[in-house]
2 protein chains.
Amino acid sequence: MSAKGKAVRTRTSSTEIGDSIFDGALDLLEEQGPAGLTVRGVAIRAGVAPMGVYSRFGSKDGLIEALFVHGFTTLQDAIDSPTEPDPLNRLRAGCLAYRHFALSHPQLYHLMFAQMMVLQLSEESLESARHSFATLTERVSTAMHAGELRSADPVEVAQQIWSAMHGAVSLEIADVHFAIDREASYASMLDALLHGLGAATR
Amino acid sequence: MSAKGKAVRTRTSSTEIGDSIFDGALDLLEEQGPAGLTVRGVAIRAGVAPMGVYSRFGSKDGLIEALFVHGFTTLQDAIDSPTEPDPLNRLRAGCLAYRHFALSHPQLYHLMFAQMMVLQLSEESLESARHSFATLTERVSTAMHAGELRSADPVEVAQQIWSAMHGAVSLEIADVHFAIDREASYASMLDALLHGLGAATR
DNA sequence: ACAGATAAAGAACAACGTTCTATAGGGAGC
DNA sequence: GCTCCCTATAGAACGTTGTTCTTTATCTGT
């Protein structure tokens, strides 16, 4: 309050706004799910005005799109991070890391795939999803060349593996999972599929 | 308009309102996706007042829950409908019917799983999801008893199959599918998994 | 036929995403 | 350092949404 009784406007340094909003959105999303992602809620969390979402991300959808890209970029890193010398083991470890990412960020993972049917996504954003798929395909291809998986179109095989992983973690984070040991169930499904694709029994 | 210039209220027979709203919601959902599912939009489509959603379904969420139950009930029928004499073939046909259902009702399928992470669902509604899973488990169990799948906990195995199916169709209806022949890709993944679970090579 | 309960229609309210208006930060020029 | 102007920030207003409240018509029981 100023000496004249008028409210004093505070103003955030413009270099911090984008990050504050993005971090606030990420936090609110995991804490409250998609219902927590309101423009006002994010702005309050970030300590800025709601208009900041529009100047920085263009719209609420733009903010969601930024979360989408961040999610796929992080997912790609997860698939890519294992460094086992054996190609099949490296692929498998990447698949385990996939689940770990999803379970560590359940709401973000859910948003990434849910928004594909909802949001009008830019080519650039879709590219981030494609990159994570390409990383998986590359790992599959390497295991094929090493003779550890039956030779086939690596894209087709990667699609199958991705489908299985996505289905498993989606049901798991939604708590629609009736198996007792969820981690073992995921590993077992993965091994059954890899075996069906030509891997030696694990 | 009455002779006195006052609008004449029309009133729908109460036995029709619930069905009109539900059918309107189902149509709008498939035509426009979740964004089309507004209370006013559904009411207009059904030719009733928005308040009808509340008296019949309790809330917008209640309407969505009715769609959820309808979806899972229909999905269960799809899994259950094949009558092939051979248990493994019957299971496999049910899995193909699963995909057919999802592709025929992409938005409904998406809503069914998306809402699991969003909606506070009644025990009754969750039971409809469990019933469709139980049907799949039963089919798995029968194939095991016939010696066509390796003996294991049928729940665990059904969970794996469901995960793979769910992942595959989810990515397919979201158009995140890089394989050339999607139907063949699904069948191939299914067969690889069933083979890994003990089925003779198809 | 009449009365009362209930649910249907229509209006109003609070919260939402978005756009508009007022204000302050930051950079350029002197 | 000071002034001016542009831009982005905060705050307010607007249209749409889900929901609740009020009015009105249907339905049931006597």
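Note that the structure is a prediction, hence the values are computed from the model and not measured. Letters A, B, ... are given to chains in the order of the sequence lines, protein chains preceding strands, and every chain is numbered from 1.
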Enquirer: Do NZ/NE/NH1/NH2 and the carboxylate oxygens of Asp175(A) and Arg182(A) come within less than 4.0 Å?
Expert: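 Counted as a salt bridge, because a side-chain N and a carboxylate O are separated by less than 4.0 Å.
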Enquirer: Within this structure, what is the NZ-to-P distance between Lys60(B) and dT20(D), rounded to whole angstrom?
Expert: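 Between P of dT20(D) and NZ of Lys60(B): 14 Å.
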Enquirer: What's the closest nucleotide to the Thr38(B) side chain, out of dT17(D), dA10(D), dG17(C)?
Expert: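 In terms of side-chain proximity for Thr38(B), the closest of dT17(D), dA10(D), dG17(C) is dT17(D).
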Enquirer: Whole-Å distance between dA8(C) C1' and Ile44(B) CD1?
Expert: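 Value for this atom pair: 16 Å.
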Enquirer: How close or far is atom P of dT6(C) from atom CZ of Arg56(B), stated in whole angstroms?
Expert: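 Going from Arg56(B) (CZ) to dT6(C) (P), I get 15 Å.
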Enquirer: From the set dT19(D), dA9(C), dT18(C), return the single nucleotide nearest to any side-chain atom of Val39(B).
Expert: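 Shortest atom-to-atom distance from the side chain points to dT19(D).
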Enquirer: Would you say the side chains of Tyr109(A) and Tyr98(A) form a donor-acceptor pair under 3.5 Å?
Expert: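 Checked: Tyr109(A)/Tyr98(A) side chains pair up, N/O donor to acceptor below 3.5 Å.
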Enquirer: As a test of reading the structure: which of dT19(D), dA10(D), dT18(C) is closest to the side chain of Tyr54(A), going by heavy atoms?
Expert: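 Among dT19(D), dA10(D), dT18(C), the one nearest the side chain of Tyr54(A) is dT18(C).
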Enquirer: Please round to the nearest 0.5 Å and tell me the distance separating atom CG of Leu149(B) and atom CE of Met144(B).
Expert: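 Reported value, rounded in 0.5 Å steps: 5.5 Å.
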Enquirer: CD of Glu124(B): more than 12 outside heavy atoms within 6.0 angstrom?
Expert: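 No, not enclosed.
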Enquirer: Rounded off to whole Å, could you give me the CD1-to-P distance for the Ile21(B) and dG18(D) pair?
Expert: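 Atom CD1 in Ile21(B) sits about 13 Å away from atom P in dG18(D).
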Enquirer: How many Å lie between CG on Leu63(A) and C1' on dC16(C), as a whole number?
Expert: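 For the pair Leu63(A) CG and dC16(C) C1', the rounded distance is 15 Å.
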Enquirer: Using whole Å, report how far CD1 of Ile17(B) lies from C1' of dA8(C).
Expert: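 Nearest whole value for this atom pair: 6 Å.
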Enquirer: With nearest nucleotide decided by heavy atoms, which residue, Gly52(A) or Pro50(B), maps closer to the 5′ end of DNA chain D?
Expert: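 Taking each residue's closest nucleotide, the earlier one in sequence belongs to Gly52(A).
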Enquirer: Whole angstroms only, please: what is the CD1-P distance between Ile64(B) and dT17(D)?
Expert: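 From Ile64(B) CD1 to dT17(D) P: 14 Å.
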Enquirer: Just to be sure I understand the rule, does Val53(A) reach a base, reach only the sugar-phosphate, or reach nothing, if contact means heavy atoms closer than 4.0 Å?
Expert: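 No contact.
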Enquirer: Under 4.0 Å from OP1 or OP2 of dA8(C): is there any side-chain N or O of Ser55(B) that close?
Expert: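 Yes, such a contact exists.
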Enquirer: Classify the nucleic acid contact of Leu37(B) as base, sugar-phosphate or nothing, counting any heavy atom under 4.0 Å across all strands shown.
Expert: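 Sugar-phosphate, no base atom in range.
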Enquirer: Taking the six-membered ring for Trp and the full ring for Phe, Tyr or His, determine whether the centres of Phe72(A) and Phe133(A) are under 6.0 Å apart.
Expert: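 Judged by ring-centre distance (under 6.0 Å), Phe72(A) and Phe133(A) do not meet the cut-off.
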Enquirer: When the distance from CZ of Arg40(B) to P of dA11(C) is rounded to whole Å, what number comes out?
Expert: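 Rounding to the nearest Å, CZ of Arg40(B) and P of dA11(C) are 12 Å apart.
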Enquirer: Closest to the Met51(B) side chain: dT18(C), dA9(C), dG18(D)?
Expert: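 Shortest atom-to-atom distance from the side chain points to dA9(C).
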